[in-house]
There are 2 protein chains.
Amino acid sequence: MKLFFTRYRTILLTGVSLAAMLVLLRWLELRFLIFDNAIEVYIGAIALLFTGLGVWLALKLTKPKTVIVERQVFVATNADFQLNETVLTELGISKRELEVLELMALGCSNQEIANRLFVSLNTVKTHSSRLFEKLEVNRRTQAIEKGKRLILIP
Amino acid sequence: MKLFFTRYRTILLTGVSLAAMLVLLRWLELRFLIFDNAIEVYIGAIALLFTGLGVWLALKLTKPKTVIVERQVFVATNADFQLNETVLTELGISKRELEVLELMALGCSNQEIANRLFVSLNTVKTHSSRLFEKLEVNRRTQAIEKGKRLILIP
DNA sequence: AAGACGGTCATACTTTCGGGTGATTTGTAC
DNA sequence: GTACAAATCACCCGAAAGTATGACCGTCTT
């Protein structure tokens, strides 16, 4: 139950808020029928409400406009990186685990890795902890160091 | 196919729920047309209009979200490590801070660094936190990555 | 002498990590 | 068609990491 809620939280909340809005509309409609001199207030409320809805929709659905800000960065040329697949198979490290390791080495937090791989934070934790077992380390920094030594990452 | 679904689940479901909402609105509109007078149609038009206004407002007034793209400037591959002292002095990184960075890159925890340098855990935290400021990073993994790129550590 | 700087340490607090456990689903190999 | 590995996700809890702030003490400079 809790699982279901966390998984579809956004959708549920969206649904609930829409429903609430409809109820509110209905209520306003009833009030309007009773006090029929309040039409301007009613219209105003509607306008406000749906302006808000529009803003929300736009913010929710727009893709971020990308403004490219160039910044010079020093980078060591590791063009000679050749993944050591032998070690990879020997240690039984899966594709996904390697991806996690790569992102770790770039300095990503677990949450950032989760966002990039389109999986949950818990999944990343599972991957990383399996990875640590296979690399026989306890920390992500050690994993990065060992990964570089074993040529699993550039 | 299934992969596609899982990856874009949120987006798909959002789309579906929006579609459902539109259908609902359409249905309500029809009800109004059939059973009631034109006032509801009017209200509906207002709602639509102001939803549009909201969208327009949001799009017009929202600051563009900036995505910083780093342009890579290649630097000679240093097979044998040669500390980049220029960057070191430019960023104002002290000797002690560099030592902490080196040990971090070896995978040491703060406590281990403290033991190795014969200082307290809190001191290591202070050093690392100053280091992060100077390197403009938030995590030790990012510090390691940037340190390697700037050739502060091998 | 005053100030800047680097190094040291502390307290208090928040966030992130990592370990442990259990579960479902899916694709593949047998 | 079942057995298995890989991938996914959840929950709990304690440890580690990181933030913010303040303080003290040498050394070096002006």
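Order of the sequence lines fixes the chain letters, A, B, ..., with proteins taken first and strands second; residue numbering starts at 1 for each chain. Fair warning: this is a prediction, and the values are worked out from it, not measured in the lab.
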Write down the distance between [atom1] ([X]) and [atom2] ([N]), rounded to a whole number of angstrom.
{"X": "Leu131(B)", "N": "dG18(D)", "atom1": "CG", "atom2": "C1'", "value": "13 Å"}
{"X": "Glu136(A)", "N": "dG19(C)", "atom1": "CD", "atom2": "C1'", "value": "17 Å"}
{"X": "Leu135(A)", "N": "dG18(C)", "atom1": "CG", "atom2": "P", "value": "12 Å"}
{"X": "Leu91(A)", "N": "dA6(D)", "atom1": "CG", "atom2": "P", "value": "13 Å"}
{"X": "Phe132(A)", "N": "dG19(C)", "atom1": "CZ", "atom2": "C1'", "value": "11 Å"}
{"X": "Glu133(A)", "N": "dA6(D)", "atom1": "CD", "atom2": "C1'", "value": "14 Å"}

Exercise. Are any of Arg140(B)'s side-chain N or O atoms less than 4.0 Å away from OP1 or OP2 of dG18(D)?
Worked result: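 It does, given that an N or O in the side chain of Arg140(B) lies less than 4.0 Å from OP1 or OP2 of dG18(D).
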[X] and [Y] ion-paired at < 4.0 Å:
{"X": "Glu133(B)", "Y": "Arg130(B)", "answer": "no"}
{"X": "Glu112(A)", "Y": "Arg116(A)", "answer": "no"}
{"X": "Glu145(B)", "Y": "Arg149(B)", "answer": "yes"}

Exercise. Is there a donor-acceptor contact under 3.5 Å from the side chain of Lys125(B) to the main chain of Asn110(B)?
Worked result: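 Absent.
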Exercise. Judged by atom type as modelled, is there a donor-acceptor pair below 3.5 Å linking the side chain of Arg139(A) to the main-chain atoms of Cys108(B)?
Worked result: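 No, because the side chain of Arg139(A) does not come within donor-acceptor range (under 3.5 Å) of the backbone of Cys108(B).
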Exercise. So among Asn122(A), Leu117(A), Leu98(A), Val100(A), which one has a side-chain contact (heavy atoms from CB on, under 4.5 Å) with His127(A)?
Worked result: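 That would be Val100(A).
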Exercise. Side-chain contact, heavy-atom cut-off 4.5 Å: Leu101(A) with Ile153(A)?
Worked result: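 Side-chain contact under 4.5 Å: yes.
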Exercise. Do the side chains of Leu135(A) and Leu150(A) get nearer than 4.5 Å, heavy atoms only?
Worked result: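 Yes; the side chains approach each other to less than 4.5 Å.
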For this session: List the protein contact pattern of nucleotides 7-13 of chain C with one symbol per nucleotide (5' to 3'): B for base contact, S for sugar-phosphate-only contact, - for none; contact means a heavy-atom distance under 4.0 Å.
Result: SBBBB--
For this session: Under 4.0 Å from any atom of DNA chain C, heavy atoms only: list the residues of residues 99-116 of chain A that qualify, in numerical order.
Result: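 Heavy-atom contacts with DNA chain C come from Ser109(A), Asn110(A).
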